[in-house]
Amino acid sequence: MIARTYLFAGVAGLSLLSSMAFAQDAAPPPEADQTTQQPRGDVIIVTARRRQETAQEVPLAISVIRGDSIEATGNFNVVKLQQLAPTLQVYTSNPRNTSVNIRGLGVPFGLTSDGFEQGVGIYVDDVYNSRVAAATFDFLDVAQVEVLRGPQGTLYGKNTTAGAINITTNQPTFDFEGRAELSVGNLGYKQAKAAISGPLSDTVAARIAVAATGRRGTLFNTITDRWINEQDNLGLRGQLLFRPNDDLNITLSGDYSRQNPECCGTVFVRVGRTQRALNRQYDALVAAVNAANPGRSYAEPSRNPYDRLSDLDSSLNAGNKIGGASLRVKWDLGSGTLTSVTAWRFWDWRPENDRDFTGLSIVSRSQNPSQQDQYSQEFRYNYAGEKIDFVLGLFGFKQRIDTQGTEQQGADASRWSLSGAQATDPSILKGLTATNTQWLKSTSVALFGQLSWHVNDALTIQPGARLNYDKKSGFYQRIVTNGQGQQISCTPAPAAGSVLAAQCGVYQPQVSAPSDSAWNFTYDFNVNYKIAPDILAYATYAKSFKTLGINQNGLPLNADNTVNYDAGTVKPESVNHFETGLKTQFWNRRATFNLSAFRTEIKDFQATVNGGQFGTVRGYLANAGRVRSQGIEADFKVVASDRFTAYANGAYTDAKYQKFVDAPCPPELSGGTFQPANATPDYSQPGVPGALSPRQCDISGQRLPGVSKWAFSYGAEYNIPVTLLDKDGQVYLGVDGNYRSHWNSNASPSIYTEVKGYALTNFRAGFRGEGFDIFGWIRNAFDVNYIDLLQVAPGNTGLIAGQPGDPQTWGGTIKFSF
């Protein structure tokens, strides 16, 4: 079947800008009328269950975004992809600190730690990417992206509790082909992509692809007189396919991507009152710094975040390199298919940050460069029979991460962090430096499988199971030196009120070597039934887990300022997942409507927490008692004719902490010395005591951070056949948009980090024909002001910083293929 107008299937359906054939080997189902000339929906082939099948046949919630759709809408990485898939949430303060969640679950919200696993797996051509940083790179020669929702432990090598993002790239071909794309726009935007594929011999084919993106920053730094938060990305991919016969395919792949932007800065957003004494809060501290420095008058360049002005005085950098190689062997044995995927990947992270979010010299230096190597091996056997299908897999994974961190206090740190007479002595904290050395070793082995029993033509029963072993061991050492370069020790406890006590209150030397291992057995059970040829109903129960974690960024302190070594390891999550769904096609399969409802309950939820101390500024892991996420998702798409296509989808997600009694307090309840015995936080009244201790609050019943209750996306395209410059083609107009309701940007929900809901609208118009496409586009067409992320500054001073979302952008794209 050759489709003249593309529309991707699944919850994130989107009209495409191509008239090329797709999945021509997928024959129409027997019940279809193969002689009709009426327009019909496309056959979209996915590999979500490790075999080729149509998206509407897969009994799970899945979004399929085609490569042409990604290019047409400008959603060129996973961060931007959330505008098309409502239940996908991606938040990033820099490439390393990126959270990828589905239905509010996946990665603990907050600053990233190496010691925990992702709940959303990211796979590229069957290779698991253990670093969330991989999600920030440009898509490179991508054929399609599948977003699977719910636990995926019985089909994928690495266990994931919230879902998986399965990225498939274009493969080498034995027919010569190529494509090139160039985009330019405002803010100095430039993006170029090219790919070429063809035979080297009768049995060997090759494909090479390259992509480069550059754009001026969206924030202006008044200190350096430069635009920051720019884009500077480069990606390369090469593949060799050896096909000695029709039964054997051997593919060797290599890729390299790098980012080198001046990033990632913030702007002043607001100040909120905390439990600190009034003279120890942000505005009073700024006034005190100015008073102590005659002739100096510090003020933020703007208190309106949408002026996009920053005054960060520390160096900024987000140098990021990721790459690797893989060997994939696919052997058709007649009775089934044996697949082997051997892979090595590396990650090199070179950051520089301004962790006080101001133009004051409080934290003068903050950086935690990391290097990672990972190795994985997966064997998978797929069998398809008349009554029985099954997948059986064996997966091994080994990883090592080394990090060298430095954080240093500046000339204004004493005034900011100390009180009394010590606050007037800059030398106490100026130059105080914490140097961190750490490494993590992680090993994982799993046996997994899933069976499909076709009881009859309508009913299929599908059980799956997984046996998993994980081991993690780490080392962390923090050495602290004063402004004179002398190493300090905080044991025995220094005398109260001494200079050493003040220094130890900011940074304490630490050494820890956490280690733990665990076996896990999990399973799932799916029943799906074809109510009619084009109506599929399904129900799923999954017992899943997220493996243990260890704290790798420094341990928290007890109330007496000693190190809490009990927090070195974090228990595994225990997950119970329930889901039902309905997939339908109608109007001669020109339209689909899919509906799913889910409830996920997690015991010992792994959360990132932060007590506001500079010494644990990167956050640490802890177990929340219980978390629950539930909701409903729906999507509709229609290919009304060759001229018009449209889609709409939406999600309602209710995700909350059911029990978290010892969470870190939000900023409005932090910084005090009160300890009421049975208090409950009152989030409606800033400054009202409600903490269980100076550092802990009961946030049971509060919503999970990063989750919008309501999310929608939509799109439509209309075209008219025309002839321009002797070229036959179509003039088209397209629109797509999305909406997200308000959400909270702090691990413990705060009235100060509530992000308002927003709606974005994008337009495109152009002319396409055989082998070419020329179009103009405008994104965020109505120049909506919105916030991508809010952050609480350390120290409980009440300062809230943030990153505004992209303003209106516009430009044009030219694409050619042959």
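Owing to the predicted nature of the structure, the values given are computational and were not obtained by experimental measurement.
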Open item on the list: Both conditions, 6.0 Å and 45 degrees, for the charged tip of Arg149 above the ring of Phe598: are they met here?
Closed with: no
TODO: Tell me yes or no: between the side chains of Tyr383 and Ser452, is some donor less than 3.5 Å from an acceptor?
DONE: no
Open item on the list: So for atom CD1, which belongs to Ile632, do other residues, nucleotides or ligands contribute more than 12 heavy atoms lying within a distance under 6.0 Å?
Closed with: no
Task: Under 3.5 Å donor-acceptor, Ser708 side chain and Ala711 backbone - done: no
- [ ] Just do the side chain to side chain contact (heavy atoms under 4.5 Å, CB included) check on Thr592 and Lys637 with the steps written out, would you?
- [x] CA-CA 6 Å; Thr592 63; Lys637 66 164 187 170; 2.9 Å; yes
Open item on the list: How close do Ala651 and Glu633 get, counting heavy atoms only, and between which atoms?
Closed with: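 The answer is CB-CG, 4.0 Å.
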Open item on the list: Evaluate Ser376 against Glu378 for side-chain hydrogen bond (donor to acceptor under 3.5 Å, both in side chains), listing each step before the verdict.
Closed with: CA-CA 7 Å; Ser376 61; Glu378 181 173 353; over 6 Å; no
Task: Spacing of CG belonging to Leu467 relative to CG belonging to Leu394, to within rounding of 0.5 Å - done: 10.5 Å
Task: 4.5 Å side-chain heavy-atom contact, Ile167 and Val142 - done: yes
- [ ] Would you check, one step at a time, whether the test salt bridge (charged side-chain N to carboxylate O under 4.0 Å, His left out) holds for Asp524 with Lys543?
- [x] CA-CA 6 Å; Asp524 56 35; Lys543 176 66 175 177; over 6 Å; no
Task: N/O donor-acceptor pair under 3.5 Å between Asp736 side chain and Phe763 backbone - done: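 No; zero donor-acceptor contacts below 3.5 Å.
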Open item on the list: Are there over 12 heavy-atom neighbours, none belonging to Asp457, within less than 6.0 Å of that residue's CG?
Closed with: no
Open item on the list: Donor-acceptor pair, distance only, cut-off 3.5 Å: does the side chain of Arg590 make one with the backbone of Val639?
Closed with: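 No, Arg590 side chain to Val639 backbone: no donor-acceptor pair under 3.5 Å.
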Task: Main-chain N/O of Arg599 paired to Glu601 side chain as donor or acceptor, under 3.5 Å - done: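 Pair absent, no side-chain N/O of Glu601 close to backbone of Arg599.
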- [ ] Might you work through the salt bridge (charged side-chain N to carboxylate O under 4.0 Å, His left out) test for Glu579 and Arg103, ending with a clear yes or no?
- [x] CA-CA 12 Å; Glu579 184 162 344; Arg103 296 169 172 173; 3.1 Å; yes
Open item on the list: Check the orientation of Tyr732 and Phe775. Use parallel for under 30°, tilted for 30 to 60°, and perpendicular for over 60°.
Closed with: tilted
Open item on the list: Strictly distance-based, threshold 3.5 Å: is any side-chain N or O of Lys583 a donor or acceptor partner for the main-chain N or O of Ala55?
Closed with: yes
Open item on the list: For the residue pair Ser340 / Gln377, report whether a side-chain donor-acceptor contact shorter than 3.5 Å exists.
Closed with: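 Indeed, the side chains of Gln377 and Ser340 share at least one donor-acceptor pair under 3.5 Å.
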Open item on the list: Can you tell me how far apart CD1 (Ile165) and CG (Leu81) are? Round to the nearest 0.5 Å.
Closed with: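 Rounded to the nearest 0.5 Å, the CD1-CG separation comes to 7.0 Å.
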Task: Any side-chain heavy-atom pair of Asp389 and His454 under 4.5 Å - done: yes
Task: Lys NZ or Arg CZ of Arg779 over Trp777 ring: under 6.0 Å, within 45° - done: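 Yes, a cation-pi geometry holds between Arg779 and Trp777.
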Task: Near-ring test Tyr123/Tyr156, centroid separation under 6.0 angstrom - done: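 Yes, they do, as the ring centres are separated by less than 6.0 Å.
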TODO: Answer yes or no: is there a donor N or O on one side and an acceptor on the other, between the side chain of Gln118 and the main chain of Asn129, under 3.5 Å?
DONE: yes
- [ ] Check the side chains of Thr160 and Gln152 for a donor-acceptor pair under 3.5 angstrom, ignoring hydrogens and angles.
- [x]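 No, because no side-chain N or O of Gln152 sits under 3.5 Å from a partner of the opposite role on Thr160.
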Task: Min side-chain heavy-atom separation Ile535-Leu582 under 4.5 Å - done: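 Side-chain contact under 4.5 Å: yes.
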TODO: Could you give me the CA-CA distance, side-chain angles and deciding distance for Trp710 and Phe712, then say whether side chain to side chain contact (heavy atoms under 4.5 Å, CB included) is met?
DONE: CA-CA 7 Å; Trp710 296 98; Phe712 303 96; 3.7 Å; yes
Task: Non-hydrogen atoms of Ala61 and Ser596 that approach each other most closely - done: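 Minimum heavy-atom contact is CB-OG, 4.2 Å.
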TODO: Can you spot which of Asn166, Thr169, Thr251 makes a side chain to side chain contact (heavy atoms under 4.5 Å, CB included) with Asp125?
DONE: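 Option passing the side chain to side chain contact (heavy atoms under 4.5 Å, CB included) with Asp125: Thr169.
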Open item on the list: With rounding to the nearest 0.5 angstrom, report the CD1 to CH2 distance, Ile388 to Trp453.
Closed with: 7.5 Å
Task: Shortest non-hydrogen contact between Val120 and Ala162, atoms and distance - done: CG2-CB, 3.9 Å
Open item on the list: Tell me the closest heavy-atom pair linking Asp332 and Gly334, and the distance in Å.
Closed with: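 For Asp332 versus Gly334, the nearest heavy atoms are OD1-N, 3.0 Å.
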Open item on the list: Would the distance check show the side chain of Asn526 and the main-chain N or O of Pro59 forming a donor-acceptor pair, the cut-off being under 3.5 Å?
Closed with: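 Yes; at least one donor-acceptor contact below 3.5 Å.
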Task: Validation row: Asp68, Lys815 side chains within 4.5 angstrom (heavy atoms) - done: yes
Open item on the list: Given 3.5 Å as the limit, does a donor-acceptor pair link the side chain of Asp773 with the main chain of Gly769, or not?
Closed with: no
Open item on the list: Working to the nearest 0.5 angstrom, can you tell me the gap between Thr161 OG1 and Leu105 CG?
Closed with: 7.0 Å
- [ ] Mind listing the closest non-hydrogen atom pair of Ile102 and Val147 along with its distance?
- [x] CD1-CG1, 4.0 Å
- [ ] Give a yes or no on whether the backbone of Val90 and the side-chain of Gln82 come within a donor-acceptor separation of less than 3.5 Å.
- [x]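 Judged by distance alone, yes, a pair lies under 3.5 Å.
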Open item on the list: Heavy-atom count check: over 12 atoms from other residues, nucleotides or ligands less than 6.0 Å from Asn245 CG?
Closed with: yes
- [ ] Indicate yes or no: at least one non-hydrogen side-chain atom of Val204 is less than 4.5 angstrom from one of Leu241.
- [x]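 The answer is no, as the side chains (C-beta and beyond) never meet within the 4.5 Å cut-off.
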Open item on the list: If you compare all heavy atoms of Ala343 against all heavy atoms of Val127, which two are closest, and at what distance to 0.1 Å?
Closed with: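 Answer, listing the atom of Ala343 first, then Val127: CB-CG1, 3.6 Å.
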- [ ] Could you tell me the separation between the OG atom of Ser197 and the CD atom of Glu177, rounded to the nearest 0.5 Å?
- [x]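 Here the rounded value is 5.0 Å.
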Task: Asp141 and its salt bridge (charged side-chain N to carboxylate O under 4.0 Å, His left out) partner, picked from Arg207, Arg237, Arg179 - done: Arg207
TODO: Determine whether Asn382 and Arg380 make a side-chain contact, defined as any pair of heavy atoms from C-beta on separated by less than 4.5 Å.
DONE: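 A side-chain contact under 4.5 Å exists here.
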Open item on the list: Counting only heavy atoms not in Tyr529 (residues, nucleotides, ligands), do more than 12 fall under 6.0 Å from its OH?
Closed with: no
- [ ] Give a yes or no answer on whether the side chain of Glu717 reaches the backbone of Gly715 with a donor-acceptor pair at less than 3.5 Å.
- [x] no
Open item on the list: Working to the nearest 0.5 angstrom, can you tell me the gap between Thr168 OG1 and Gln144 CD?
Closed with: 5.5 Å
Task: Tyr541 ring center near Phe578 ring center (under 6.0 Å) - done: yes
TODO: Please step through side-chain hydrogen bond (donor to acceptor under 3.5 Å, both in side chains) for the pair Thr600 and Ser629, ending with a clear verdict.
DONE: CA-CA 5 Å; Thr600 305; Ser629 177; 5.6 Å; no
Open item on the list: Classify the ring geometry of Phe395 against Tyr128: parallel below 30°, tilted from 30° to 60°, perpendicular beyond 60°.
Closed with: perpendicular
Task: Ile602 side chain reached by Asn576 side chain, heavy atoms, under 4.5 Å - done: no
Task: Partners meeting salt bridge (Lys or Arg N to Asp or Glu O under 4.0 Å) with Asp138 (sequence neighbours left out) - done: none
Task: Sub-4.5 Å side-chain heavy-atom contact between Phe176 and Ile196 - done: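 A side-chain contact under 4.5 Å exists here.
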Open item on the list: Working note: Tyr652 + Thr87, criterion side-chain hydrogen bond (donor to acceptor under 3.5 Å, both in side chains); need CA distance, chi angles, decisive distance, verdict.
Closed with: CA-CA 8 Å; Tyr652 169 79; Thr87 52; over 6 Å; no
